[in-house]
Amino acid sequence: DAAGTSAVANFVAQADWGLVGISAHGSGRTVNQFGVALGGWGEISSQTAGNGLIVGTRPAKPLVFGTNSLERMRIDSAGNVGIGTTTPTTTLTVQNTTADAKTAAFYFTGTHDPSTTGMAGVDLKNLNNTSSALGGLSFAMTDATNAQRHSGAIAFGKEAGWTGSSDFPGFISFWTRPTGGEETEQMRITSTGNVGIGTTTPSDLLEIYKSGGIPGIVLNHAGESSMSSRVRFSDDGTVKWGIGVDINGNGSDDFWIHDY
């Protein structure tokens, strides 16, 4: 009975340590393997003791995986892995070919706190132990010749005080590439939570530095006439003072210092 609960057709290669099998399971098969009910499945597996199962190519040829008669992933002869592309250019190249540009190439889900048990996502590690080594994400676009041009990055690195045993202070920095130049760090968040724009050593919660000019912040409001551009100061959650343009919402362009 090819559709019975025990129906299976096997091709078996056997050695002194055990066997490797190629199996075609009948539609009524009820056995589970790797958490999958095997009814209607094909299977290649190392079925008994041994060192494991090797899948690969001996000549310099790619290994291709597909579903629904389409290629989905390949490992090329150099060891580069391509998902959604047949020409991976790095260790892992992922290309989203979906017409909807809002579809993410990666999606992670989880509820863990990164300060305790970790979190869902990509764990980036830099195995270079030098103090100046950076790791992170680099962003690139292609030019008219289809060459990759790096345009920005999010990097992480070690701070002073990294002992390698119990203290591991680190920072996150944000980089962009200006016209005619190379990627340059623009903002940093230190291990203490201080944010520096134009400086790598912010001394307070927010420090802005501009070389060769006057740093500033522009508040530009457009919309309801009863609103204004303002900065408000609070104490223990209660707003006490405010400064801004037309802070009372009477339509003037006056600058106000306001007591709430």
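Remember, it's a predicted structure, so these values are computed and weren't measured experimentally.
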Please round to the nearest 0.5 Å and tell me the distance separating atom [atom1] of [X] and atom [atom2] of [Y].
| X | Y | atom1 | atom2 | answer |
| --- | --- | --- | --- | --- |
| E207 | T200 | CD | OG1 | 9.5 Å |
| I208 | T199 | CD1 | OG1 | 11.0 Å |
| R232 | Y260 | CZ | OH | 5.0 Å |
| N10 | I22 | CG | CD1 | 10.0 Å |
| K158 | L134 | NZ | CG | 11.0 Å |

Note, [X] side chain near [Y] side chain (heavy atom, < 4.5 Å):
| X | Y | result |
| --- | --- | --- |
| V195 | M187 | yes |
| R177 | E183 | yes |
| I243 | W241 | no |
| F233 | D235 | no |
| N80 | T89 | no |

* Going by atom types only, do T67 and R72 share a side-chain donor-acceptor pair under 3.5 Å? -> yes

* Verify whether one side chain among E159 and S191 offers a donor that lies under 3.5 Å from an acceptor in the other. => yes

* Which of these passes side chain to side chain contact (heavy atoms under 4.5 Å, CB included) with P88: I75, T93, I83? ->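 Exactly one pass, corresponding to T93.
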
